[in-house]
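Following: one structure in structure tokens, then a few remarks.
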Amino acid sequence: MSVNHELSDLFARFAAIVEIKGENVFKAIAFSKVSRLLKDMTFDIKQAALDDKLAHIEGIGAASQRIIQQYINEGRSMDYEEAAASVPPGLLPMLDIPGLGPKTIALLWKQRGVTNIEELVKAIDENQLAGLKGIGDKKIQSIKQGIAMRAQAAERRGIGDALPIAQALVARLCAIPQVKHAEIAGSLRRGRETIGDVDLICSIDSAAAGPQVSAAFVAFPEVTHINGQGATKASVITAGGLQVDLRMVPEEHFGAALLYFTGSKDHGIKIRGLALTKGMTLNEWGLYKLDDHEQAEKKSGGAPKLKPLASRTEADVYRKLGMAFVEPEMREDRGEVELAVQNKLPALIAVADYRGDLHTHTTASDGSNSIEEMADAAAKRGYLFLAVTDHSKSQVIANGLTAERLLKHAKEIRRVSERMKGSITLLAGCEVDILVDGRLDFEDGVLAELDFVVASPHVSPKQDSQKATDRLKRAIESRYVNVIGHPTGRLINQREGLPLQFDKIFAAAAATGTALEINAGYPRLDLNDINARAAIQAGVMLSINTDAHGIAGFDEIGMGIQVARRAWATKANVINCMDLAELRKFIARKREL
DNA sequence: GCCGTTTTCGGCCCGACTGTTTTCAGTCG
């Protein structure tokens, strides 16, 4: 684990300790934020500390800098250890139990001596919690249930697993008569690769329809447990253990609700803070004039009896806030709010900008469709070009091509391309294996016969950092390699991937004119959003490809584009958005090196 | 703990739902 991640975990634990001890809540919030910053950071915190740059990072103040500095120098933090010594370590995991928060945990500890989950279970079973202030029978039952659901709740689902479930629920919601329309919100809408729960927003005929829609929702056949249910929101657990939260609002508040529940939390806090500086307040019902809102009658469970300045669409709200519309994928508080205020947001790449797939397979190796079928399907999608890149000889299990078969295959690809002239251009290519030491699976003489080369690591996914970095660098330096396919080899929720030193990889790729892939196939999505953004900042071109093994695979391009959007990519950053002449120039330039 | 075109001190985003209470605290997102 990198120092960034070690420190991220340390700050997360520190925040939990502060919460349980009931110290200043803002201290806990500040440490949580530092934890998140460290987790998403694209640079090495150790290097930043050596370069004396810690003070420049927004959100990391004097106290956190001291902790980081000491941890880097001595491998420990006295501040943290002192705090940790004052709280039984077994209390921290209790925060993961749904329905159980820091206040109750502290109460259980101080009043009943509970110091870990096992003791909590025992205390419940032996009826030791009776008589605690604020803890009744129902509360005890909900804690018991929370313990049982903890393991499932803690696990984040991959976007590829959660999206179909969410889409099915949206379709069901739309079939309810009182529902006007429904949309996915939350981290799923922002395109995060894993999600903690599904957030759905629907608009209803009138506020009065809320309870009916809520009742219909919790009665869906997928629902196995109801967390809560009211006139404007409901929360359930579905068969797969996935939590789904639904908000219901009248149509005129839909945009504000969608904005609020798309998040991220940090983006929301930033723009609500911005609203305050402009004498307005923003909540899930709309953007309001602050004075009016403070005077208006306060009641829970419905829209304020007050005309909002904006609420019908997200665009309305952003406009009234004096900022440009922020695409959902950018709403992570990574500088997008500041840019939106100055109207300087990048124009993110869209599916419509995409001109062709550069990493695909056919029946020649392990694909399920022929060259013609793939070309046909690509042409029907409006693609201008398609690179056919079947596996190389080391991939025996995938029916990898020998040099001889590859060259014959290339001829066939060109023949089909000729036949389809005017509709689509095929590039005769190969996905050549990057061997353990960075050599390629074919000699230069063979690769020189091809139009396009993707080089990918398949074997040895657990190499150490130095070897893995040298391995990819060597492949990048080959004049015939145009794209490094799925550079880390990670699989979401299954495999970590190569521990690359990204700064070195990016520098080599930028210097040689080699594109790095965002593999759009789930569960690869590799490079991920964070690394892709760092690659762009280092001047690297990206290539987004489906790695389709059949015509249905082309459909996965959407998820790849979404990763690129999360990386703030514009079409100028992606070689798949070039026209054919530009792409050929991109290839030719490297061969001249 | 963090931050500053009102502030180096005094704020820090906001509301719904539950359960335990008779007006609110805790939790969640």
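Throughout, protein chains are lettered first and strands after them, A, B, ... in sequence-line order, and every chain is numbered starting at 1.
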Per A:T104 side chain, nearest of listed nucleotides B:dG29, B:dC14, B:dG26: B:dG26
Pairs touching residues 228-238 of chain A that satisfy salt bridge (charged side-chain N to carboxylate O under 4.0 Å, His left out), sequence neighbours left out: none
Nucleotide nearest A:P102 when distance is taken to its side chain, options B:dT27, B:dG1, B:dC13: B:dT27
A:N4 side chain to A:I45 backbone, donor-acceptor under 3.5 Å: yes
Distance, P atom - from B:dT27 to B:dT21, rounded to whole angstrom: 15 Å
Touch class at under 4.0 angstrom, heavy-atom based, for A:I271 against every strand present: nothing
Closest nucleotide among B:dT27, B:dG1, B:dC3 to the A:N24 side chain: B:dG1
Rounded distance (Å) that lies between atom C1' of B:dG29 and atom CG of A:L242: 15 Å
Phosphate OP1/OP2 of B:dG15: any A:N283 side-chain N/O under 4.0 Å: yes
Nearest-Å distance once atom C1' is located in both B:dC14 and B:dT20: 23 Å
Side chain of A:S64 - closest among B:dG1, B:dC14, B:dG19: B:dG1
Listed nucleotide nearest any side-chain atom of A:W285, set B:dA16, B:dG26, B:dC13: B:dA16
Nucleotide B:dT20, atom C1' - distance to CD1 of A:I135 in whole Å: 10 Å
Short N-O contact, A:E496 and A:R490, less than 4.0 angstrom: no
Rounded distance (Å) that lies between atom C1' of B:dC17 and atom NZ of A:K139: 11 Å
Sugar-phosphate, base or nothing in reach of A:T281, heavy atoms under 4.0 Å: sugar-phosphate
Geometric class of the A:F325/A:Y318 ring pair [parallel <30°, tilted 30-60°, perpendicular >60°]: perpendicular
Sugar-phosphate only, base, or nothing, as touched by A:I29 at under 4.0 Å among non-hydrogen atoms: nothing
Side chain of A:E284 (C-beta onward), nearest among B:dG1, B:dG15, B:dT27: B:dG15
Sugar-phosphate only, base, or nothing, as touched by A:G186 at under 4.0 Å among non-hydrogen atoms: nothing
Nucleotide nearest A:A63 (side chain, heavy atoms from C-beta), chosen from B:dT27, B:dC2, B:dC13: B:dC2
Residue met sooner reading DNA chain B from 5', once A:D199 and A:L132 are mapped to nucleotides: A:L132
Integer angstrom distance from the P of B:dC13 to that of B:dC17: 22 Å
Along DNA chain B (nearest heavy atom to each residue), the more 5'-positioned of A:A234 and A:F31: A:F31
Lys/Arg-Asp/Glu bridge criterion (N-O < 4.0 Å) met for A:D199, A:R247: no
Distance between C1' atoms of B:dG19 and B:dC12 (Å, rounded): 29 Å
Minimum-distance nucleotide to A:K138 side chain [options: B:dG29, B:dG19, B:dG1]: B:dG19
B:dG29 OP1/OP2 closer than 4.0 Å to side-chain N/O of A:Q243: yes
Touch class at under 4.0 angstrom, heavy-atom based, for A:A62 against every strand present: sugar-phosphate
A:S142 side-chain N/O to B:dT18 phosphate OP1/OP2 under 4.0 Å: no
Which residues share a side chain to side chain contact (heavy atoms under 4.5 Å, CB included) with A:A30, sequence neighbours left out: none
Sugar-phosphate only, base, or nothing, as touched by A:Y260 at under 4.0 Å among non-hydrogen atoms: base
Member of A:E329, A:E193, A:E332, A:E336 meeting the salt bridge (charged side-chain N to carboxylate O under 4.0 Å, His left out) criterion with A:R566: A:E332
Atom-pair distance (CZ on A:R190; P on B:dG29), nearest Å: 13 Å
Nearest-angstrom distance from the residue atom CD1 of A:I269 to C1' of B:dC3: 14 Å
A:F26 over B:dC12, stacked by centroid distance under 5.5 Å, angle under 30°: yes
Watson-Crick or G-U wobble partner of B:dC14, both distances under 3.5 Å: B:dG29
Minimum-distance nucleotide to A:L276 side chain [options: B:dC14, B:dG29, B:dG19]: B:dC14
Sugar-phosphate, base or nothing in reach of A:G268, heavy atoms under 4.0 Å: nothing
Chi angles and distances behind the salt bridge (charged side-chain N to carboxylate O under 4.0 Å, His left out) call for A:R189, A:E314: CA-CA 14 Å; A:R189 179 164 182 244; A:E314 288 185 325; 2.8 Å; yes
Sugar-phosphate, base or nothing in reach of A:I97, heavy atoms under 4.0 Å: sugar-phosphate
Sugar-phosphate only, base, or nothing, as touched by A:D137 at under 4.0 Å among non-hydrogen atoms: sugar-phosphate
Nearest-Å distance for atom pair CG/P, residues A:D333 and B:dC2: 16 Å
d(CG, A:L107; P, B:dA25) in whole Å: 15 Å
Whole-Å distance separating the CG atom of A:L274 from the C1' atom of B:dT6: 16 Å
Gap in Å between the two C1' atoms, one belonging to B:dT8 and one to B:dC2, rounded: 12 Å
Proximal nucleotide (of B:dG19, B:dC2, B:dG26) relative to the A:K103 side chain: B:dG26
